[in-house]
Each structure stands twice: as C-alpha cells, then as structure tokens.
There are 2 protein chains.
Amino acid sequence: MSDLVEFRNLKYLIAVAEEGNITRAAKRLYLAQPSLSTQMRGLEEALQVPLFIRDRNGVHATPAAEILITGGRELLKLRDGLIATARALHRVTFTPMRLGFSSFVDHALYEMVCSVHTSLFPECEITSRSGDNVELLLLLQKGEIDAALLALPISGSGFKTYPFTKSRLVVCMKSDDPLARLKEIAPAQLQAKLTIFQEPKQHPEAHLRLMEMLDEVGIRGDVASKTTTPHNIQWMVESGQGYALVREGSEMHVGLVTRPVTGVTWTVDSALILGKSTSQKTVPGLIRELRKRLRLQVSPSSASKPPRSVRPDIEDENLRLFA
Amino acid sequence: MSDLVEFRNLKYLIAVAEEGNITRAAKRLYLAQPSLSTQMRGLEEALQVPLFIRDRNGVHATPAAEILITGGRELLKLRDGLIATARALHRVTFTPMRLGFSSFVDHALYEMVCSVHTSLFPECEITSRSGDNVELLLLLQKGEIDAALLALPISGSGFKTYPFTKSRLVVCMKSDDPLARLKEIAPAQLQAKLTIFQEPKQHPEAHLRLMEMLDEVGIRGDVASKTTTPHNIQWMVESGQGYALVREGSEMHVGLVTRPVTGVTWTVDSALILGKSTSQKTVPGLIRELRKRLRLQVSPSSASKPPRSVRPDIEDENLRLFA
DNA sequence: CCTGTCCAATACTTCGTACCTATGGCAAAA
DNA sequence: TTTTGCCATAGGTACGAAGTATTGGACAGG
C-alpha cells in the first residue's frame, strides 16, 4: 500500500508545494510539466487523498498534503544522513575527479559540469586541467585524466563521447566596423578579412573541418593570425587585424560585436569524453545526471559527426542550468 | 545522488539481510531471485559500498549495511505513519469491499484474496456474498457487489476478468471402490458411473462446456444427481450414487479418494471479475498486488477461453501464498 | 470583443529499468 | 560422481515514468 509512495514522489510533492506552480516545479526538477502533473495526480490517486487545490494561477497544498510535505522533508533529510553515515563507515574515499577542458568549449559549460559534480559528490574534489584538444586526448589515453570537455570532432577512436551543446559560430568584429551596421553578414563580405584563428595545432581536425566549411561558401581561409585563447582572439580583433569566428553568446570585450553569417549554420559541438578505463567511480553518476538535465545521448566512440548542419536553436536555457 | 536509493531498495535490503539468503528473501518479496540479486548489486554499485559478504550458504550484511538496515527500518516505519496520518486527516473512509464468490472456486483462493486485501487496506471491511455464478453476475451487473470470484467461462461481456488459478479436475470415488486401486482412471471406465454434478443452473456455460468435454472422450454425461455445494457432492459419492468430478487438491471426506483421468487435462479456471463501474477505491490496489503475487494477466472482458487444454502444473505454491 | 498569456490536463509515444526465464558456476553434502 | 542449494550472468519483456504535442479554461490588455 504505502509502497506506492517513494522518495521520488515526496521530492516532487515538496517541489510543487514550494513553487505553488507545477510548471515552475517541473523546471526545477528538470522535468516536463505534464510528467509532473501526472505524477501528482497519480499520488492523489494512490493515497486517495486530494493534495492540491488547483486554481487559475497554480496549485495550493491541502492540509493533508502539508503533513506529507513536512514529514517528507524530514524523511528526505534522514535518508541523506543515513547514506552519508553508511558511506563514512566504509571509508568511501573518492579519488579526485580529474577533469580536463579545452579552450574550445564554453566556460559556462565547464562550470556547469563542475557544479553538478560537486552537488552530487560534495566530498569529491575536482582537479582541473586545461589544455588544447591534442594534449587532453593524450592525457585521456594515458589515463592521467578521467574525463575531458572537448570540441568535436576528435581523432582516435575508442573514446566514449557524450556530445552536448552545439554553439553557433558568429563573426566577431569591432563595433565601429562598417559591416557592424548590418544585422547579418553575407559570406562574400568576409572574403580576405577572416584571418584570425585559434592555433590549428591545438585541434587539427576541427581546423581542417572549419577550412572545408569556409571553402564550401567560397571563402579562402587565410590564417594570418593564430592565437591560443578566446581572449587573445578578441584582442586581436580589437587591434584591427581582421575578423574572427567566435561562439555565439560568448562574453565580448567592449567595442566588439558579433554578427551571424547568412545562409550557413556553422556550429562548434562540445562533448564530454571519457577516459578509456577510468577508475573514477563518480563518472557514471555524473553522466547520469548530465543526461537528465541536458537530454543528451551517447554516441559510442565513433568520431564522425561533422561540426555543423544541425539547427542550433540556442535555447539560452543551457546557460541557466547550473543553479 | 541519494536519489538512487528509494524505499523499495531499503525494503529489499532489509529482507535480504533478515533472511540471510537472497533466494528466500526473493520468495518473501514475491520476486524472482535474479531480480533481487541484481537489485542488491545495483545498490552496492550506487552507494559504492559493499553491503554483503557472499559465501556458499547465503549472504551476510556488512557493518555499513547494518546501518542502512536499522535506519531503513526506521524510515519505512515513518513513511507508513506519515501516510496514515495524512490519510486520517482527510477522513478517507472506505466503503466496504463487497466481494462475491461462487462455490465453484477454491475456498483457499477466496481466503487469499481477502487476506491480501486486508493487509493492503486494514481499515477497509470486506462484506462477502456467496452464491452461484448466475446470481453473482447479476449482482455485479447491478453494481451490488464490487468484484466476484467466479469460474470461467462467464456469459455476458463487458466484465473485466482477471483469470488466475487453473485447477485440474479429478474423479472422486469411495476408497473401497474397485477403481480406487488404480493410479489413473481411463475415460471409458467412467462410462455411466459419472453421474453426480453441481446443479447446472448454477453455471449453465460451465456445465455445457463440461458436457462437451465428456463427449469428446466418449462419455455421456448422465446427470443423475444434482447438488449445490462441493460438500454435498462428497456426501452423494459417499452414499454410493456414482462418481463425481472435483478440483484436484480439495479437501476430501475420509473414505473418499480422487484419481486423475488418463489422457485428458480438464481444468476449472477461476477468475476475479470486476463490476462494470465500481466506486470501490481499493480495487486497483488489490488487482495490482494480486497480479504481482500470482503473475496473472488481464483478459479484457472477452468471455471465450475454454476451460481446459492448459498444462495445470499445480505448483502448490498457490495455496501457500497467503501468509 | 477578440487575442495573447499563463496555467493545468489530456492524448499519445518513447525509453529506461525492474522484472521475468533460462542457464551457468561453485561449493558442500550425499 | 551426482545432487543440492546457493548466487551470478545473459537476454528478453513489459510496465511506468519520462517525453512531445495539443487542448481548455481563466483572466488581462488592446
């Protein structure tokens, strides 16, 4: 009978009551609203107790629900404590999570991953390691890091990769540039002016692919200036050396603007790559949670998937995810 | 993180620890042993804590597991209390469960259903009502009972039926009858002596079907004596009026024995039939639990399914089910 | 008045996982 | 040896919790 009520149900109930609004609660729980609605109905059904009074602007807990809520909070806390002590008793010491990330991926993404990890495993340290794709892949290979956030495509196979964000690439220019008056830039207008790139050696595959994509719209990739970090790129644009491609939504120095390029949807795809044989026990839990929050799916070790062509549809939600 | 541990997991853990033996615990929980095994492994995996020391004759909880077990017991108790008070606050009063059962079904089955019901809903009374199939179907039709235990087939459609036990039919005779020396009876030997039946009017469809089955093996159904209860049947056999067919495993008067009939597998199938539109809120829970315990599946309202032909394979487990 | 917004509920589909059966391995008892 | 009593593994199924798409009701603003 009471087997119909699990911790999950209590958690949902509490969230809904606290928000006073199923839609908002669903967002907080990383769920879709109808899912949560049916869960709540199901709970009322199972208990044979009405839990909410629904009205135009939300829901309001009944007295019976209040009981469940306060009791439920208590139970959830007890559960966490219980697990923590059982853990402690067996001296579950986590080796630190060794996470690499390349400058090609959004920093916000990195922070999000870290925040999810520490919220799941507060006792587990994270030791970060940044570098370019080539370096990081080597470290993964050697087992010196457990996972890394990289830009696709990656060479070498046998890596488990979890692709997630696709950021659109836009042109970065000075705000007083004549082209900055336009809302969108035609590819032809970039001819000969798109000259600033990240150092190709940092990610040969991605660079090659980028050159191909430029070629497809008739632009020659003049790698006149090379640099190593997104910041440097912006400085170089500021000093008038040409245009550069940057991730849409990245934070820009003052005096710089970004403009989309008409007719193309170039994207840079980031992914979490796992070391071949990690002993890091937090990895499965991390993946699980990330999958739930970001709706991402596995793509097991095949390194194809060209970095473009998918509708970006930047939901900006992505960046709000880490609470 | 701790979201990986639900009440269910604690319950299983406790059962396993208490039995010291996964197989036995699985039986107690109405689960298959491998299911429980994988659950336990999964829990150890999720917590990153070894919970059991396995050896040749069972499992033994580690200290960490002991913590979880005592804490878990507490939590389960708290949950039950919590739900009970929430319920009480909303004055959830159950209307009594009105359950009918015909004399064609095994009494043990009836008791089992009752015991499951009261263990699920201790506050809910059961008012029983016995009668023959025809009467009970009428009562279901009129909504005067919520559910009934009947023998298939049933006429009239639109009833949700949950078939469960199939009991084999055997011949009942006096122990000093010459045929009682045989281990099995050939159909031909029954000719003209199989004369005692339940009153056909109590269940016309079943009687008809029985006559058909007898016909198939060349026996004429001579309904010489008719009676209304299984007990009466036995008395009539005792007084030497002929043979009768009874459910295998039914309790027999002293001086009577049963013998299987070679070459045929006649069975009588019992089912739980639901009223067309019951307001009885305990029904879904009851069905759910019965399905879990007996592995029975729905057969939605079609009244076909002839009462024979399926391997009986009486597991006798059936009767031990109600604890 | 209509239209847009903000709720929750419904209908239907998809996917994960808890469960099943069948089988294997291993140690102790027969 | 074979049998017995465990647990573990492998592979398939089915139910439920999740998703998407859509509807309906109740305001509020133009």
Side-chain angles (χ1 to χ4, degrees), chain A residues 3-13 15-17 19-27 29-46 50-61 284 287-289 291-298 313 315 317, chain B residues 3-13 15-17 19-27 29-46 50-61 284-285 287-298 300 311 313 315 317:
Chain A
D3 283 350
L4 300 175
V5 179
E6 288 290 351
F7 281 116
R8 186 171 38 80
N9 304 114
L10 294 174
K11 196 173 104 181
Y12 290 175
L13 173 66
V16 170
E19 298 288 347
N21 174 314
I22 294 187
T23 309
R24 244 181 347 254
K27 212 158 277 175
L29 295 164
Y30 304 104
L31 287 177
Q33 169 263 316
S35 311
L36 194 51
S37 270
T38 51
Q39 283 292 320
M40 291 299 105
R41 274 234 167 275
L43 195 57
E44 289 180 311
E45 191 66 25
L51 297 173
F52 296 107
I53 305 154
R54 281 114 167 127
D55 74 355
R56 24 241 126 268
N57 37 292
V59 296
H60 177 215
I287 295 292
R288 192 194 164 87
E289 186 67 16
R291 296 225 303 162
K292 171 167 185 184
R293 296 208 190 176
L294 303 182
R295 323 257 129 88
L296 50 86
Q297 70 274 33
V298 206
D313 206 10
E315 251 293 16
E317 282 292 19
Chain B
D3 283 350
L4 299 176
V5 180
E6 286 291 350
F7 281 116
R8 185 171 40 79
N9 304 114
L10 293 174
K11 197 172 102 182
Y12 291 175
L13 173 66
V16 171
E19 298 288 347
N21 175 316
I22 294 187
T23 308
R24 237 172 5 245
K27 212 158 275 173
L29 295 164
Y30 304 103
L31 287 178
Q33 168 264 317
S35 312
L36 195 52
S37 270
T38 52
Q39 284 291 321
M40 290 300 103
R41 276 232 167 277
L43 195 57
E44 290 181 312
E45 192 66 23
L51 296 174
F52 296 107
I53 304 155
R54 282 116 167 123
D55 73 356
R56 22 240 128 270
N57 37 292
V59 296
H60 176 215
I287 296 292
R288 190 194 164 87
E289 186 68 16
L290 286 174
R291 294 226 304 162
K292 172 169 184 181
R293 296 207 191 177
L294 303 182
R295 324 256 129 89
L296 51 87
Q297 70 275 34
V298 205
R311 267 285 73 190
D313 204 10
E315 249 294 17
E317 281 295 15

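Lettering of chains follows the sequences in order, A, B, ..., and the numbering in each one begins at 1.
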Any side-chain N or O of [X] below 4.0 angstrom from OP1/OP2 of [N]?
| X | N | value |
| --- | --- | --- |
| B:N21 | D:dG5 | no |
| B:Y12 | C:dC19 | yes |
| B:Q39 | C:dC19 | yes |
| B:R56 | C:dC26 | no |
| B:R288 | D:dG16 | yes |
| A:S35 | D:dG19 | yes |
| A:T23 | C:dC6 | no |
| B:R54 | D:dA8 | yes |

[X] [atom1] to [N] [atom2]: how many Å, rounded?
| X | N | atom1 | atom2 | value |
| --- | --- | --- | --- | --- |
| A:L31 | D:dT20 | CG | C1' | 14 Å |
| A:E44 | C:dA8 | CD | P | 13 Å |
| A:L4 | D:dG16 | CG | P | 10 Å |
| A:L43 | D:dG16 | CG | C1' | 15 Å |
| B:L29 | C:dC20 | CG | C1' | 15 Å |
| A:E6 | D:dA17 | CD | P | 10 Å |
| A:N57 | C:dC7 | CG | P | 8 Å |
| B:Q33 | C:dT23 | CD | P | 15 Å |

Side chain of [X] - closest among [options]:
| X | options | value |
| --- | --- | --- |
| B:R24 | D:dA8, C:dC20, D:dC6 | D:dC6 |
| B:S37 | D:dC7, C:dA18, D:dC15 | D:dC7 |
| B:V59 | D:dT9, C:dC19, D:dC7 | D:dC7 |

Self-check item: Under 3.5 Å donor-acceptor, B:Q33 side chain and B:A26 backbone
Solution: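 Pair absent, no side-chain N/O of B:Q33 close to backbone of B:A26.
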Quiz prompt | N/O donor-acceptor pair under 3.5 Å between B:E6 side chain and A:F7 backbone | solution =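 Such a contact is found between B:E6 side chain and A:F7 backbone.
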Quiz item: Could A:R288 and B:E45 be called an ion pair, given the rule that one side-chain N must be under 4.0 Å from one carboxylate O?
Solution: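 Looking at B:E45 together with A:R288, the answer is no, because their closest N to O distance does not fall below 4.0 Å.
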Quiz item: Does the distance from a Lys or Arg side-chain N to an Asp or Glu carboxylate O, for B:E44 and B:R41, drop under 4.0 Å?
Solution: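 Answer for the salt bridge query: yes.
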Quiz item: Across the strands shown, which category fits A:D55 at heavy-atom distances under 4.0 angstrom: base, sugar-phosphate, nothing?
Solution: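 The residue A:D55 makes no contact with any strand.
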Quiz item: Which pair of non-hydrogen atoms, one from A:R54 and one from A:V59, has the smallest distance, and what is that distance?
Solution: CG-CG1, 3.7 Å
Quiz item: Does the side chain of A:L13 come within less than 4.5 Å of A:F52's, by heavy atoms?
Solution: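 SC-SC contact between A:F52 and A:L13 confirmed.
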Self-check item: Most 5' of A:T38 and B:I22 on DNA chain D, judged by nearest nucleotide
Solution: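 It is B:I22 whose nearest nucleotide is closer to the 5' end.
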